[in-house]
Amino acid sequence: MASKKTIKSAIESMMFVWGEPLSVKAVADIFNMEKKEIYDCFKELQTEYEQEGRGIVIREVNKSFQFVTRKENLDYIERLCTPVRKRRLSQSALETLAIVAYKQPVTKGEIEAVRGIRCDRVMDGLIRKGLVAEVGRADSVGRPILFGTTDEFLKQFGFETLKDLPEIEDIEGALAEEEDDAMALDGILGQISLEDINR
Amino acid sequence: MSYRVKLNIFEGPFDLLVYLIEHARMSIYDIRISEITTQYIDYIRQMEEADIVLSSEFMVLAAELLEIKSKMLLPRTSIDDIEGEIYEDPRTELVAKLQEYKKFKAISAMLEERRDDTAMALEKPQEDLAEYTGEPDEYLSLDIEQFKTAFELFIQRKKRLEELRAHHIRTEKERITTEVRMAGIRQFFKSEGLRETDFRSLVPNKKDKYDISVTFTSVLEMMRQRTLDAKQKKLFGEIKVKATDRLFEEGETIKEN
């Protein structure tokens, strides 16, 4: 059986050639080894690259790994060339995507109930962008299509797995704090303007 | 002249309502329904005046708001309390919906931030691996989704092309016709005073395939009319073209006319 050093070295070369996320399963098949062992090798490599502060880091996307550049270096890359930026998503696309991500598998009807507005076109757009896909059919009347997010979604939004999605409570907490800050700031500004008038 | 404006500020009726509630500095748990309903309907009116096409969902929420408003105007009877029924605030359902909506609006803001952050790390797209695999180009290592996307792209491109063809006409420099070339050949024999020549000397531009072929068909046509005679001694050899008397006679008849 190949030594860990050999495997890690091989994984590095394979990732280099492959470019796209390389699945743990593919590598496990090549070495005829357990997926868990290969996964650990990937993880070790990832840590090594991270710790040494290399310009290339390893990104995990749903049990697959790929080389990407270090975020901090974007500025330098942009001075060398202009990488194509992904177009921003519209507000409605983001809202719809948020609902799909947190409620999946979800039907169009359920999404529309949350947003209070139809979302056929937005969904078509998300499907075309490869962020959302059909994942099956609900057992309810009419067997409506169920939608879920794709690996492309994980990749673009920097999640390793769906389990990485932050808890909704955490997001709400952060939001509430922001609101409080805004209120407090308003109060201060109010005072200042009053003082100014008094002068 | 009427014109249409499309405002994208509000993504839906909830978006507008949440905006109005926050703008009025109300708590989402204690909405002053009467005030907010007036504002909401005012806003819809304004948008209609601006000729903005509103989806029916905006109207549905307006109706819901009015229903809640009217329910709240009804006095609470004490009989309910005696019977032990719990008074349910007519706003409860709406508040729950708005809360849910706000939750996902917050999530969408988080997602946007994450996407921007993730986009700072660049990946290299997979290059053509045919060189490594030695497999034929036709080999498709696509999953069904990728294949679907590729096919859809192909259909889109085809549609665009058809649209383009329907609206635009491809124009080309007009090319010489057999008739013109035949007249040219007739002219050539007459002015040169020759009866016989090489086929090659009848072609003005020997590098242009079209020119060669149009001359060739002209010669064939003139042979059919018996104004020319042509001979080729061996395969791919020189073609000798000879003018018959008819060619000269023909010219004369035209002159006479």
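As the structure is a prediction and not an experimental result, all values here were calculated from the model. Just so you know, these numbers use all the heavy atoms, side chains as well, and skip hydrogens, waters and symmetry mates. To find a chain, count down the sequence lines: A is the first, B the second, and so on, and within it residues start at 1.
- Side-chain contact of S3(A) with T6(A): a donor-acceptor pair under 3.5 Å is present, judged by distance alone.
- Only one option out of L131(A), L126(A), V132(A), N62(A) pairs with F153(A) in a side chain to side chain contact (heavy atoms under 4.5 Å, CB included); it is L131(A).
- When heavy atoms are compared at a cutoff of 4.5 Å, R118(A) approaches chain B by way of both its backbone and its side chain.
- Heavy-atom pairs under 4.5 Å with chain A were tallied for D116(B), T118(B), L153(B); the largest tally goes to T118(B).
- Ranking K103(A), R88(A), E72(A), K155(A) against chain B, the residue ahead of the rest is R88(A), based on heavy-atom pairs under 4.5 Å.
- Residue contact with chain B, scored on non-hydrogen atoms closer than 4.5 Å, is absent for A93(A).
- Inspection of the Q46(A) and K43(A) side chains reveals an N or O donor paired with an N or O acceptor under 3.5 Å.
- With a 4.5 angstrom heavy-atom cutoff, F67(A) touches chain B only via backbone atoms.
- Side chain to side chain, E152(A) and Q156(A) meet the donor-acceptor criterion of an N or O pair below 3.5 Å.
- For the pair R114(B) and F159(A), the cation-pi test (distance below 6.0 Å, angle within 45°) is passed.
- With hydrogens and angles left out, the side-chain atoms of E44(A) and Y39(A) include no donor and acceptor closer than 3.5 Å.
- Contacts of E64(B) with chain A are absent, with no heavy-atom separation under 4.5 Å from either backbone or side chain.
- The residue among E145(B), K105(B), M110(B), K124(B) with the most heavy atom pairs within less than 4.5 Å of chain A is M110(B).
- Heavy atoms closer than 4.5 Å to chain B are found nowhere in V122(A), neither backbone nor side chain.
- Chain A forms more heavy-atom pairs under 4.5 Å with one residue of E113(B), R115(B), E112(B) than with any other, namely R115(B).
- Per-residue counts of heavy-atom pairs under 4.5 Å with chain B were compared for I99(A), I77(A), I56(A), T96(A); the largest is that of I99(A).
- When only modelled atom types and interatomic distance are considered, Y19(B) and Q39(B) share no side-chain donor-acceptor pair under 3.5 Å.
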